[in-house]
Every structure is written in C-alpha cells, then in structure tokens.
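Beneath this line is the structure, given in structure tokens, with notes to follow.
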Amino acid sequence: MKEQVAELLGQAVDQLKAKGTIPGDHPVRIMVDNTRDKTHGDLASNLALTLAKPCGQKPRDLAEAIIESLPDNTLISKVEIAGPGFINFFLASDSVAEIVGDILEQGYDFGRNTSGQGEKVQVEFVSANPTGPLHVGHGRGAAVGDSLCRVMDANGWNVTREFYYNDAGAQINNLALSVQARVKGLTPDDPSWPEDGYRGEYIIDVANSYKAKDTIDADDQHVTGSGDPDDLEAIRHFAVAYLRREQDLDLKAFGVEFDVFFLESSLYTEGKVEATVQQLIDNGHTYEKDGALWLKTTEFGDDKDRVMRKKDGNYTYFLPDVAYHKDKFERGFKRVINEQGADHHSTVTRVRAGLQALNEGIPEGYPDYVLHQMVLVTKGGEEVKLSKRAGSYVTLRDLIDEVGRDATRYFLVSRRADSQLTFDIDLARSQSNDNPVYYIQYAHARICAVLGKASQDDLDNITTSGVAALGELELDDERELVTQLRRYPEVVQHAGQTLEPAVIATYLKELASIFHGYYNNHRILVDDPSVMMGRLALSAAIRQVLANGLDLLGVGAPEQM
RNA sequence: GCGCCCGUAGCUCAACCGGAUAGAGCACUCGCCUUCUAAGCGAGUGGUUGCAGGUUCAAGUCCUGCCGGGCGCGCCA
C-alpha cells in the first residue's frame, strides 16, 4: 500500500520535474509513513518538506503542486495538506477492505515476502559448550535466535540453524575431571577435588549415569558409558554426550531445533585451523613476538594486536573462530548472523579482522552479529541467582518448568536484544491481564470461540460474501483493525531488516488490544446477515494474523483457553 | 583509563528511513458480566525522553561533551 502511494508520488515528481518546478537533476527520495493520528489519514508523506528548499518554494505551495500532479487512481479517496506541509492520504474503503480478502486467501503466507530471494543465510545461536545445563542467557539466545530464523524465513531467506560448540578444549577436560571425581565419590569440599572443577549437582547425575553404563542419544552424540573410573577419555565422551542430550531436551521443550551441530574439534582434525594459520602467515598479517604468533588485527580496526598461537603452541580461542567462519563462507553462506551474549562482543572485531586478513573476498561486515544483553531474573521482587541443579545460575529448564514454554519464549524475545532484560517470574506466570502472552493468545482463542459458534455455511462463505460485505463495516474500530492488519507485512519486513524479532511482539500486543476493545463494544454474530458476514471475515483475518505473528515468535496460538 | 550497549510516566516497556499533540500495560481512583470466553473493556491520574550544547523546516531518534547503569578490555573461552 505504501509502495503504491509512493509510486503515485513518483509520477507526480516526474511531471513536476518536466515542468521545471523541481530541478531535474535533484535526487528525490520518496518517503511514505503510516500516520499516528487518524485525523491525519492513513498514510503521509513529507515530500514537500524535503523538496521545499531545493525548489525554492514554500512547503505548502509545493505540496499543492504535488497533489495537483497526482495521477488519477482508485486507491485514494482524499488528499490533504496539513501542518508544515505534510501530504496526508486517506485510503478508499474498498482498497482498505481488500486486505482482509488477501489475508483470508493467503492464510499462513500472509505477511511473508520474497525479499531474501531464497538466498542462503546461516544463523548461529545458543552455541553453549556442553559443560552444564543451559542458563537463562542461553534461553534468551534461543528465543531471539529461533525467532530471528523464523522472521528471516518469512522474508524469503533459506535459513540454516547452526549450533557450534567446543567438545575438546580445556573446559571439557575440566568437565571430565569433575565427573571422574564424582564417579570416585569425591565432593567439591574434598581436598583432591579438581581445581576449578564443576561443582553443580548435575555432575552427580552424569557420574551415576556413566557408572550405570547408560546409552546416551543426543541429536549429534551417541555414546554408551563404560563405567571405568580411570578411563578419562571415555568419561569425557560420555559427559559431552550426556550434557548435549540434556541441552537438546531443554531446547526441544522450548520448541527450538537445529539443522547443524558443528564441533570445534573438527576444525582441528580436518586441518582447517592449520590452513587458516598458514594463510594468515602467507598474507603477511602475522609476526612472532615473545615466543608467540600474533595477528595484526590493528590493521583491521582492533585497538591492539592479538596472540593467535600461544607460547605453548596452542591456539587462542579466536583462531578456530576465524577458521570456523571461513568455513561458513566456503559452505556458501554469503550471509551469516551470529546471535550471542554481549559479554562476547570483543570477539566481533577479532573474527572480522581475521577474515579480512585471509584476503578471500569475504565482505568487511561479515558476519552480522545480534548481541543480547544480560537477563536478570526476579521473583517476589528479589533477584534469583541460583538453581539447585546448576548451582551458580538460573537454568532455562527452571523457567520452562515454572512459567511454561510460551510465556518464557515470549518474555525473552519481546524486548530488544540490546537492552538488559528483567525476567519477572511472578509476572510471566500470572494468568491475568498483566501478562501480555495470555493477552495475545486470549484474543486468538476468543475469535476461535466466536467462529465456532457461527454456522458452517456462513464460514464456508466467509471469503466471498464475507469479504464482499466489508463495505458495510463503517465503525471506527473496524477501520482501525483493518489498518493494523494492513501494517503486518511491513512489520515482518522491518523485523527482518533490523534483525529485531521483538517488533513482532509489540505489533501483536497492539492488534490484540484493538481487537479486545472491538469485541467488548460490538457483537460479531448479529442478526443483520451482511454485517455479520463482514465481521466474521474481519475476525477470521485477525485470527490469521495473530496466528502468523505468534508463529514467528515461536509461541503457540491456542484455540481455547 | 579505553571500547561496546543502555538511560523515555512510580514500575516494565513502545514509538516504523529523523516527522505533526511521546504511547501501552502494571500500580492508584471509578465504572462494565441475563448477550459470541471478564485471562476482557471503558474513564481518570501520571512526562523538562539522564544533563548540556550542536545539526535540521522538524530530534526520544543524528553529532559532541558530561552524568548514571551493564558488559568487555588474558599467551581464558
């Protein structure tokens, strides 16, 4: 709709350029905005304001000229000049109502677009190391990352969900030692407990399962415990598989699944780390100092150079990261988005610098990052810091068990990633109007209930006589509802462009709010068949958009509550 | 000290590429269930958008400097 109005304005500009009112060589950027105030019509353009100066005219005079040059059309019913020189467009009722027909016809596809043109995009998120249960921060990553994937998919991208983890480093060794200690019956208080060992109670479960020679099937790990307390290697494999499985179960309970699990160890075994190092050396971006090998990241915007190979011959963490992203690029992902906690933001510059130093034509801003800030969990007004199972942090499982999947996902995805989030457990679990999740779901369930009362015959005719009757809908709130529905595709697009799935949540809250108001003021199943059919069509369209939007958030759309 | 993010109503948050009178919910006050789900609706109260400059016809939004909070500044990951 915006595009169509912009198109009309474009034609008016061309005409005025031909007349000389607008300088022919002046670049014109046409902006059409939704209006905030309905007295300003449906859409507005600031075109006359931006062109006033180069044209040497008063904005309102120029607006007048632009309006006179607008081609004839059926889209717009009225145009006004307002304020300092805005051009306000009032859309014709018919063209507005059309959107309802579109929604009913397109169903699940309404709001989706093809702007991604089927290009491959990889979204890496969660990427927790298998050293313990997932915590709230991972939960935020999972909620934001998965929703982002859904949004990218809705914008026509071919999305791959990827989970990367370290299965072989010092931390994993530490994990193995901790499990081994538990297998041997030691406790964290014991003097011979491994230094910096993992102290959480979950380690006991891993140890017991290992001793019982259980078989573990995670998404990407399949191991049977040997039970041998002295076989550290066997313990390591088992512990990784065990915790991976636990994470998988949490993620499944959260409604999040991955296409690819990528092991850091494979970068070593397949020689990709070595190859990356060699390439960096060959390109002359490295030097030896103090027995270590350094990468000149300062050549690419870093504030100091970074060690890539330590004195002891091991690599620092960011080198495999560079090798990993080189691999992503070589796998054909021209676009990659990494969703991570903001506590790792210092890696952004390093990884990008490393990729530039490879000199392989990888674009400068590659990869994209979405960094989420910390999550603070509160209950009863107090900060919650500990969980029994993990010991030192609140687990994702705790939240899912306590407040439910939908509410947890909603709360974690509904705020912009770059601001800190307070997760109020009491609010999230309250089944009341305080809780936006239920507020939105309730709107969906209510419509389902109403449609359930309508006759099958009427429902069958909803797309024909229902849509045809939309002209009868003259109420302000009906008009407002249709306007909100019309904006949905823009919101999906906006979420995709800014990589901010949270805007979907905001939109749905607004749509639900307008609907609840409408529902309370007007009956849908009224005697007048024409009015009823129109309202049924409108309601069905709202239900569809609510369902589509909730789906992008990974939150369910219940038919009854 | 340096870098990144944030600062909007008492609280939690909105505000589309810079647009017109900064919006919701909670809390507080008062109303609405014999009618499709009251997990709902309506009305009222509540603001120098942290502070000070600058750019612009127009700034919560962009720029600079402060103040406050978070995170990061390792040959840890």
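Keep in mind that what you see is a predicted model, and the values were worked out from it rather than measured. Below, chain A is the first sequence line, B the second, and so on; all start at residue 1. Both backbone and side-chain heavy atoms feed into the values below; hydrogens, waters and symmetry mates do not.
- Here A:Asp528 does not pair with A:Arg535 in a salt bridge; the nearest charged N to carboxylate O distance is not below 4.0 Å.
- Applying the 90° criterion around 0 to the glycosidic angle, B:C33 comes out syn.
- In this structure, A:Arg36 reaches the B:A20 phosphate: one of its side-chain N or O atoms is under 4.0 Å from OP1 or OP2.
- With the nearest nucleotide of RNA chain B identified for both A:Tyr519 and A:Gly83, A:Gly83 has the one nearer the 5' end.
- Other residues, nucleotides and ligands contribute at most 12 non-hydrogen atoms within 6.0 Å of the CD atom of A:Glu364.
- A:Tyr442 places its OH atom 5 Å from the C1' atom of B:G40, with the value rounded to the nearest Å.
- In this structure, A:Leu421 and A:His494 both approach RNA chain B, and ranking their closest nucleotides by distance from the 5' end singles out A:Leu421.
- In terms of phosphate contacts, A:Arg415 brings a side-chain nitrogen or oxygen within less than 4.0 Å of OP1 or OP2 of B:C13.
- A:Asp424 comes within 4.0 angstrom of no nucleic acid atom, judged by non-hydrogen atoms across all strands.
- Ring centroid separation for the pair A:His345 and A:Tyr369 does not come in under the 6.0 Å cut-off.
- Rounded to the nearest Å, the gap between the P atom of B:A52 and that of B:U12 is 23 Å.
- Ring planes of A:Phe163 and A:Tyr165: perpendicular class, angle over 60° (limits at 30 and 60°).
- A:Lys58 comes within 4.0 angstrom of nothing in the nucleic acid, heavy atoms only.
- In A:Lys379, the NZ atom is not crowded: 12 or fewer heavy atoms of neighbouring residues, nucleotides or ligands sit closer than 6.0 Å.
- In terms of polar N and O atoms assigned as donor or acceptor, the side chain of A:Tyr438 never comes within less than 3.5 Å of the base of B:A39 in a complementary pairing.
- The CG atom of A:Asn314 sits 9 Å away from the P atom of B:C76 (whole-angstrom rounding).
- Side-chain atoms of A:Asn520 and base atoms of B:G40 include a donor and an acceptor less than 3.5 Å apart.
- We find that CZ of A:Phe411 is positioned 11 Å from C1' of B:G25, with the value rounded to whole Å.
- Rounded to an integer number of Å, the gap from CD1 of A:Ile514 to P of B:C41 is 12 Å.
- Between A:His516 and B:G42 there is no side-chain N or O to OP1 or OP2 distance below 4.0 Å.
- The side chain of A:Lys2 places no N or O atom within less than 4.0 Å of a non-bridging phosphate oxygen (OP1 or OP2) of B:C16.
- For A:Asn88 against B:A20, a side-chain N or O and a base N or O form a donor-acceptor pair under 3.5 Å.
- Scanning atom types as modelled, no donor and acceptor separated by under 3.5 angstrom connect the side chain of A:His344 and the base of B:G72.
- Within 4.0 Å (heavy atoms only), A:Arg306 reaches no atom of the nucleic acid at all.
- For the pair A:Tyr324 OH and B:A77 P, the interatomic distance rounds to 17 Å; values are reported in whole Å.
- Taking atom CG of residue A:Asp196 and atom C1' of nucleotide B:A77, one finds them 13 Å apart after rounding to whole Å.
- Aromatic ring pairs are classed by plane angle as parallel below 30°, tilted from 30° to 60° and perpendicular above 60°; the pair A:Phe262 and A:Tyr324 is tilted.
- B:A20 makes up no base pair with any nucleotide shown, lacking Watson-Crick or G-U wobble contacts both under 3.5 Å.
- Taking the P atom of each, B:C71 and B:C76 are spaced 23 Å apart, rounded to whole Å.
- Here B:U29 sits opposite B:A43 as a Watson-Crick or G-U wobble pair (both hydrogen-bonding atom distances under 3.5 Å).
- Judged by distance alone with a 3.5 Å cut-off, a donor-acceptor contact links the side chain of A:Asn46 to the base of B:G19.
- Aromatic ring orientation, A:Tyr393 versus A:His135: perpendicular (interplanar angle above 60°, classes split at 30° and 60°).
- The nucleotide B:U55 finds no pairing partner, because no Watson-Crick or G-U wobble arrangement with both distances shorter than 3.5 Å includes it.
- Summarising the geometry, the separation between NZ on A:Lys304 and C1' on B:G1 is reported as 12 Å, rounded to the nearest angstrom.
- Comparing B:U48 with B:G10, their P atoms sit 8 Å apart, to the nearest whole Å.
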